[in-house]
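Naming: A, B, ... by sequence-line order, numbering from 1 per chain.
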There are 2 protein chains.
Amino acid sequence: MPSGSESPLGKATIFDVAEQAGVSIKTVSRVVNNESNVRDATREKVLSAIRELRYKPNAAARELSGKRSRLVGLVYENAQEFNYLKDVLNGSLDACEARGYALLLCPITLPNPDIAARIREFVTQARVEGIVLPAPLGDLAAAAALLRQLRIPVAAIAPKDPRPEEINVSCNDGAATCSLAEYLIEQGHRAIGFIKGHPGHGASAARFAGYRRALQRHGLAFSAALVRQGYFDFDSGKTAASELLDLAKPPSAIVASNDDMAAGVLFEARERGLTVPRDLSVVGFDDTQIASRMWPPLTTVRQPIVQMAETAARLLIDKLNGEAVQSPDEPFECEVVIRKSTAPLASIT
Amino acid sequence: MPSGSESPLGKATIFDVAEQAGVSIKTVSRVVNNESNVRDATREKVLSAIRELRYKPNAAARELSGKRSRLVGLVYENAQEFNYLKDVLNGSLDACEARGYALLLCPITLPNPDIAARIREFVTQARVEGIVLPAPLGDLAAAAALLRQLRIPVAAIAPKDPRPEEINVSCNDGAATCSLAEYLIEQGHRAIGFIKGHPGHGASAARFAGYRRALQRHGLAFSAALVRQGYFDFDSGKTAASELLDLAKPPSAIVASNDDMAAGVLFEARERGLTVPRDLSVVGFDDTQIASRMWPPLTTVRQPIVQMAETAARLLIDKLNGEAVQSPDEPFECEVVIRKSTAPLASIT
DNA sequence: GTTCGCATTGACAGCGCTGTCAATGACTTG
DNA sequence: CAAGTCATTGACAGCGCTGTCAATGCGAAC
């Protein structure tokens, strides 16, 4: 053994490694940072010294010297639908861990008088290099404008208005909603209600468009009376269902733009003594945990949120590392999940 | 205006502040770190310079120089029951933000062959100073032992075996479960089933004890036949309910140790064509989102998780800052929430 | 008036790394 | 063989802050 004591807990510094490998610290730095101009033999020597000493670069020193914090921020709306965030979190975290980045959280509680101030504070204080921005925040004008002004790279998940210069990851909500609606039509439903999602959320318009497309394809007339505005939360779904069911000619099926609202529909139906799916078919969107735990379990659409978030964070980090990245060409695929909240229209008379 | 250009984005350094205030950088450092030996007049001068220049200390430099990362880790089990984590997250984040700390996440996906390695990696790599450890991880022998060996301060939320040298925050699960069971007894129920929580979770034993206490107080015999082991997840609740309802003399009410399992009970009851609460009363625990969205909405217990987490993180940070902190003397109070999943026992014959 | 003690302040040396730029060495070319 | 080219390596100066320790000033005690 060449020198003093073994490092017990990765406390070795770059100097120790340099000494052990018989090179300068700069060369160790080159190896650690994967720079190309190092002879293979030298690289090997350094790598084995690193392994032996269990060397981990000191992040603070790296940041202080190199101006790169290796920190990515996740700015999200701290409200309903935490299952969505759970997936976003897991996906982002995976990408960060794989690339030696850490993820910092910045929940935004709406309504917030000054989102811009909060985000600015976050960016400067937490010194993140880039931001993962899941819907619906990507569409908040204040947030988007500020981030752009701060010139901080952003990766948006399911943004309403994708910006070509930013990283965007989304899935084919529209097509999936269309499939879902077509499924109902095939089951014999003709009067199909629709509850729109939050207007600020990019997916809302796409899902609504999918619904209309399904009607059109099957030659069914679109009726604005069967459409209600919701906000992706349980209560708005319940209210919308109440209005829809109060109609003189109520729908025999309701498409809710997400599961929380579908849960509200189910709740409202129960309060009215209706039996789902016998008296009313209901579908949701997202396949959140609640979807399979309600009674009846919801027919819905599963989105690959984890993968979308992982992709967004990965591309973001690659971009931060100077690579020329591009948003995925194709949106991610959603999957329709048929459960028990839907049934063929009971023939009457 | 004394010198060159205004700082646009808090890019001022300690040198700028020192110059502006006419003191040495060390004095600025003292003010920033709230050290006591600075004359009031000097402090004021420095503070106003800081305000003027919008000075923010550089975290990397502080860490490199001072050995303090101002980072706290949240190590959690990345599985079911994300609503619990949501509250833990929000509470911890609040405390961190208030004290200038950042929170780093370390999800642990069970079963994991080597939790210890993952945690060690996290601690050394992410260089967190302390760890918030929500149940049930506080009870994982491997994790606990390692953290102790690493001599890293821990704040446990609802640990099974609180360690006096660590920070512990919990609530009176037992008393709340007792109230809940007594409520059922007062409604006329005599055969009350109980579904235990995950054996590794500290709250499980407390809740079970509360149930037994309620029986005892009302002179009801305890019957092991009416007790089933669950694991805090929907499926185990459903399975347990199935067994309970298959009994020759099934219970008229079931106490599930958390809402997810209660949801499983409700689901199972539905599948059997039972109507809750007419045929069966059900109660849960936690008041998670799902509790109020099921049909019928669940009678349950609300825990102040956000506050508990906030307290845990706050005490942890205070401890890291050298203060002599103490775990709260009293457990936090839970609140029974009566909804519609419970009803008086229908008198028969 | 002198000395001591205490409160306040500052000079200076790093913390562990990366950026810059110069030095070295190995080859190639004329 | 000398000069030029390129790949590889190292010396050195910070990055912005805090810890250590010494210097300063001031009132109290002698």
Does the side chain of Arg68(A) come under 3.5 Å of the side chain of Tyr101(A) through a donor N or O and an acceptor N or O?
yes
Glu165(A), CD atom: more than 12 neighbouring heavy atoms under 6.0 Å:
yes
Ser327(A) side, atom OG; Arg163(A) side, atom CZ - distance, nearest 0.5 Å:
13.0 Å
Can you measure Asp40(A) atom CG to dA26(C) atom C1' for me and round it to whole angstrom units?
16 Å
Given protein heavy atoms under 4.0 Å, the one-letter contact record of nucleotides 13-23 of chain C, with B base, S sugar-phosphate only and - none, is simply -BBBBBBB---
How bent is the helix from dG1(C)-dC30(D) to dG30(C)-dC1(D), measuring the angle between the end axes built from five pairs each, rounded to 10°?
50°
Residue-phosphate contact under 4.0 Å: Ser24(B) side-chain N/O, dA11(C) OP1/OP2
no
Return the CZ to NZ distance between Arg127(B) and Lys67(B), rounded to the nearest 0.5 Å.
12.0 Å
In terms of heavy-atom contacts, does CD of Glu35(B) have more than 12 from other residues, nucleotides or ligands at under 6.0 Å?
yes
Under a 3.5 Å distance rule, please check whether Asp16(B) uses its side chain to pair with a backbone N or O of Thr13(B) as donor and acceptor.
yes
Which residue, Arg314(B), Gln307(B), Glu310(B), Arg99(B), forms the side chain to side chain contact (heavy atoms under 4.5 Å, CB included) with Asp94(B)?
Glu310(B)
Check whether the side chains of Arg62(B) and Asn33(B) place a donor and an acceptor atom closer than 3.5 Å, and report yes or no.
yes
